[in-house]
Amino acid sequence: MPEFDYDLFTIGAGSGGVRASRVSAAHGARVAVAEEHRVGGTCVIRGCVPKKMLVYGAHFAEDLEDARHFGWEIENCTFDWVKLRDNVLSDVDRLNGIYTQTLQNAGVEIFHERATITGPHEVTLSSGEKKTAARILVATGARPHIPSFPGCELGITSNEAFHLDAIPRRVLIAGTGYIANEFAGIFHQFGSKVTLINRSDQLLRGYDESLRDRLLQISIMKGIDFRFHAEFQSIEKTSEGCLRVSMTGHEPIEVDCVLFATGRVPNVEGVGLEEIGVELDEKNAIRVDENSRSSVEHIYAIGDVTNRVQLTPVAIREGQAFADTVFGNNPHTVDYTCIPSAVFSHPPLASVGLTEAQARNTLGSVAVYESDFRPMKNVVAHRNERSLYKMICDEQTGKVVGMHMIGPDAPEIMQAAAVAVKAGLTKADFDATVAIHPTMAEELVLLK
């Protein structure tokens, strides 16, 4: 076997790339990683983590309003976007440092520049320096998709939303997926007039229809507007500095900001994949086998660049499985079934397993149990907002095959419930569990 500079060269230091590199080094491999942006990737730097911090900040708007019904009088309450923004970005800096230190402590060499595959077992850094490796791991993630039409350059994506100088008075969000609904809740709670547009009449495709309908109902009740069956025609800047957006099926609208949340596309351009024969699929993602190996034997790929399941915890598991299999003498693969997920909308929702429609198509005979209730806090606060918990079971065996909920703290509750669903527990197992009262989570063991 020829001698290389490294046993592994990872391109991309996001969640998956960091895990794969660190664990491979712990198994004794000589590892280097190249990252042209910041160590931590989308989730840590410009995604899940700063987004969740903004969600926390947004929740105070209703919490402070509800506090009056609990006896609290808060005078002269104001919101400072710049202070929140800078505090969030400061913590992102802290996390970037932690991720960098973690790699360094593991003995991983970091190149803070772009790397391109330029030959078999070879990568070239933007500085012109060439490195060789026995194996190359591509973990370059994905980026926001921006639709192409006249004036599209006047919009922003979630990447830029964290750096705004001020909260826009009126914001138009394109898309109705999880990013769109999360930022709709954030901007609305910070005082923006929010409008969402979408090409179809559905939001959060892939989630249970009952949850989607409930979130739409609550969002409209809060004052968020929706324009369905709408496609962009153009964006023009007016003499007043506003953005005039023209779309199909609806009248033009003037806003101060357009945010594209129309999906994410794999970062494969400029990596050198096609030149060396790495196959891409119909969505321009790297095609890999169950061990994350591409069509080129010594090149692997994990995370969003493979477009298997675009979730940070999945990328981390793929990185762990790769390192253990290739360098740790512990071959295993990632189980993609029954993966829980959440949308940090306002209110949040969470899901695991099959939706009701999927269960009926797969199993035929299903039993559905629901609890539609108003949380105790909302009752005292005079807030007419209801939560919905839903359990889908195989009617023949009683096995729980899906769990879906929308309401306060739904993602926190779902993480524990997902263990039960993944373990194959039955409705009888839930029924046999004593409730913790008074909680919202007790509804899971009281479903009818």
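Only a predicted model underlies this, so the values are computations on that prediction, with no experimental measurement involved.
- T116 and T124 share no donor-acceptor pair across their side chains, judged by distance under 3.5 Å alone.
- Taking a cutoff of 4.0 Å between a charged side-chain nitrogen and a carboxylate oxygen, K130 and D5 do not qualify as a salt bridge.
- Closest non-hydrogen pair, I218 versus H346, comes out as CG2-O, 4.3 Å.
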Next item on the list: Please lay out, stage by stage, how S341 and S351 fare under the test side-chain hydrogen bond (donor to acceptor under 3.5 Å, both in side chains).
Entry: CA-CA 6 Å; S341 63; S351 180; 5.4 Å; no
Next item on the list: Before giving the answer on side-chain hydrogen bond (donor to acceptor under 3.5 Å, both in side chains), spell out for Y178 and S345 the whole-Å C-alpha distance, their side-chain angles and the decisive distance to 0.1 Å.
Entry: CA-CA 8 Å; Y178 72 94; S345 47; over 6 Å; no
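- In the displayed structure, Q233 atom CD is contacted under 6.0 Å by more than 12 heavy atoms of other residues, nucleotides or ligands.
- Within a 6.0 Å radius of CD in E153, more than 12 heavy atoms belonging to other residues, nucleotides or ligands are found.
- Listed by first and then second residue, the ring pair (Phe, Tyr, Trp, His ring centres under 6.0 Å) pairs involving residues 99-148 are F4-H121, H121-H298 (not counting sequence neighbours).
- If you take CD1 on I302 and OG1 on T10, they are separated by 7.5 Å, rounding to the nearest 0.5 Å.
- Closest approach of I392 to A359, counting heavy atoms only: CG2-CB, 3.6 Å.
- In this structure, S234 contributes its side chain and P150 its backbone to no donor-acceptor pair below 3.5 Å.
- Between T362 and Q358, the side chains place no donor N or O within less than 3.5 Å of an acceptor N or O (distance only, hydrogens not considered).
- Side chains of C257 and I156 form a contact here, defined as non-hydrogen atoms less than 4.5 Å apart.
- A donor-acceptor pair under 3.5 Å links the side-chain atoms of S219 to the main chain of L215, judged by distance alone.
- Panel note: side chain D289, backbone S292; a donor-acceptor pair is recorded below 3.5 Å.
- Using a distance-only test at 3.5 Å, with no hydrogens or angles considered, no donor-acceptor pair links the side chain of T325 to the main chain of F322.
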Next item on the list: Please step through salt bridge (Lys or Arg N to Asp or Glu O under 4.0 Å) for the pair K131 and E122, ending with a clear verdict.
Entry: CA-CA 6 Å; K131 299 291 182 181; E122 179 188 83; over 6 Å; no
Note to self: One pair to check against salt bridge (Lys or Arg N to Asp or Glu O under 4.0 Å): R38 and D93. What are the steps and the verdict?
What the structure shows: CA-CA 9 Å; R38 304 180 73 190; D93 290 340; 2.6 Å; yes
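- F260 and F149 have perpendicular rings, their planes meeting at more than 60° on a 0 to 90° scale where under 30° would count as parallel.
- A distance-only check finds a donor-acceptor pair linking the side chain of S200 to the backbone of Q202 [under 3.5 Å].
- From L196, atom CG reaches atom CZ of F228 across 8.0 Å, with rounding to the nearest 0.5 Å.
- Among residues at least two apart or in separate chains, salt bridge (charged side-chain N to carboxylate O under 4.0 Å, His left out) pairs with a member in residues 6-32 are E3-R30, D7-R30.
- The two residues Q189 and A58 make their nearest non-hydrogen contact at CB-O, 3.4 Å.
- Distance alone, capped at 3.5 Å, is enough to place a donor-acceptor pair between the D335 side chain and the T337 backbone.
- Partners of N159 under the side-chain hydrogen bond (donor to acceptor under 3.5 Å, both in side chains) rule, at least two apart in sequence or in another chain, do not exist in this structure.
- Ion pairing between E385 and K377 fails under the 4.0 Å rule for side-chain N and carboxylate O.
- Salt-bridge formation is detected for the pair K193/D225: a Lys NZ or Arg NE/NH1/NH2 atom is positioned less than 4.0 Å from an Asp or Glu carboxylate oxygen.
- For N96 (side chain) and V39 (main-chain N/O), a donor-acceptor pair under 3.5 Å exists by modelled atom type.
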Item checked: Stepwise side-chain hydrogen bond (donor to acceptor under 3.5 Å, both in side chains) check, Q320 with D324 -> CA-CA 6 Å; Q320 181 80 44; D324 289 344; 3.1 Å; yes
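- Counting heavy atoms from C-beta on, the side chains of N181 and L203 come closer than 4.5 Å.
- No donor-acceptor pair under 3.5 Å is formed between the side chain of E240 and the backbone N or O of C242.
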Margin query: Let's go through E62 and R383 carefully: what are the C-alpha distance in whole Å and the side-chain angles of both, what is the deciding distance for salt bridge (Lys or Arg N to Asp or Glu O under 4.0 Å) to 0.1 Å, and is it a yes or a no?
Written below: CA-CA 10 Å; E62 285 187 353; R383 187 173 296 281; 3.5 Å; yes
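- Between R46 and E160 there is no salt bridge, since none of the side-chain N atoms of the basic residue sits less than 4.0 Å from a carboxylate O of the acidic one.
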Next item on the list: Mind running side chain to side chain contact (heavy atoms under 4.5 Å, CB included) on V326 and Y300 for me, showing each step along the way?
Entry: CA-CA 10 Å; V326 175; Y300 296 75; 4.1 Å; yes
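- Atom OG1 in T306 sits 11.5 Å away from atom CG in L280 (nearest 0.5 Å).
- Contact between V401 and V421 at its shortest, heavy atoms only, is C-CG1, 4.3 Å.
- Using cut-offs of 30° and 60° on the angle between ring planes, the pair Y6 and F9 is perpendicular.
- Here CG of L259 is found 5.0 Å from CD1 of I173. Values are rounded to the nearest 0.5 Å.
- Here R308 pairs with E318 under the salt bridge (charged side-chain N to carboxylate O under 4.0 Å, His left out) rule; sequence neighbours left out.
- Heavy atoms of other residues, nucleotides or ligands lying less than 6.0 angstrom from CD of E269 number more than 12.
- The backbone N or O of E251 sits less than 3.5 Å from a side-chain atom of R227, completing a donor-acceptor pair.
- A donor and an acceptor atom, one from each side chain of S126 and E113, are located under 3.5 Å apart.
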Next item on the list: Would you sort out whether R214 and E209 count as a salt bridge (Lys or Arg N to Asp or Glu O under 4.0 Å), showing the intermediate values?
Entry: CA-CA 9 Å; R214 179 59 56 88; E209 189 171 353; over 6 Å; no
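- Residue pairs meeting the salt bridge (charged side-chain N to carboxylate O under 4.0 Å, His left out) criterion with at least one member in residues 198-208, sequence neighbours excluded, are D208-K390.
- Between the W81 side chain and the F190 main chain, no donor and acceptor come within less than 3.5 Å of each other.
- Among residues two or more places apart in sequence or in another chain, the side-chain contact (heavy atoms from CB on, under 4.5 Å) test is passed with R244 by E236, T238, P252, E254.
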